[in-house]
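The block underneath contains the structure these notes are about, expressed in structure tokens.
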Amino acid sequence: MVAESQLNAAKAAVDKTLMLRHISLAHDSQFQRDIEHSRQAIAASRELLQRRQRQNDARALANSNRAAVTVSAFDADIIREALRKLVAETNAPECHWRDLARNLISEFVDCEAIQPGLVNWIIRK
């Protein structure tokens, strides 16, 4: 009887060990799947960042290839008068005039490359 209870205890211990081993293997395989999923997500993120960087580089190259647009004296005078009226209507402080002038010029010529001399001429009193 003692031998039988020891045999049952041994079988229970073996069963428990096998069950724990099975659970451990299941957790290990789940862990490996999670790690692989994380690696794939990181690779996809890197690819997306590289693609965006290439697009930004292409845009920067296109913008650098675009020459500054020349503005005629007549157009510059129109922009200057528009700035004066805008400043008078909005009571904008003088520290904002340069930004307002840049915005007016960029809207007028549809170009971000603005000559600083033109801005200085437009905002002078």
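Residues take their numbers from the sequence shown, with the count starting at 1.
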Between Arg54 and Glu47, does any side-chain N to carboxylate O distance fall below 4.0 Å? yes
Could you tell me whether the side chain of Ser38 reaches within less than 4.5 Å of the side chain of Ile35, counting heavy atoms only? no
Side chain to side chain contact (heavy atoms under 4.5 Å, CB included), paired with Leu83, selected from Ile105, Leu100, Ile78: Leu100
Between Ser106 and Asn103, a side-chain donor and acceptor under 3.5 Å: no
Closest heavy-atom pair, Ala88 versus Asn91, reported as atoms and distance to 0.1 Å, is O-OD1, 3.4 Å
Counting only heavy atoms not in Arg52, do more than 12 fall under 6.0 Å of its CZ? no
Among Gln30, Gln32, His37, whose side chain to side chain donor-acceptor pair (under 3.5 Å) with Asp34 holds? Gln30
Can you name the nearest heavy-atom pair linking Ala76 to Val71, along with the distance? N-CG1, 3.6 Å
What's the separation between atom CD in Gln115 and atom CG in Asn120, rounded to the nearest 0.5 Å? 11.0 Å
Holding to salt bridge (charged side-chain N to carboxylate O under 4.0 Å, His left out), I want the full list of residues that pass it with Arg80, two or more places apart in sequence or in another chain. none
Residues at least two apart in sequence or cross-chain that pass side-chain contact (heavy atoms from CB on, under 4.5 Å) with Glu89, listed by chain then number, are none
Mind checking the CZ-CD1 spacing from Arg84 to Ile79? Nearest 0.5 Å is all I need. 13.5 Å
Is there a donor-acceptor contact under 3.5 Å from the side chain of Trp97 to the main chain of Ile122? no
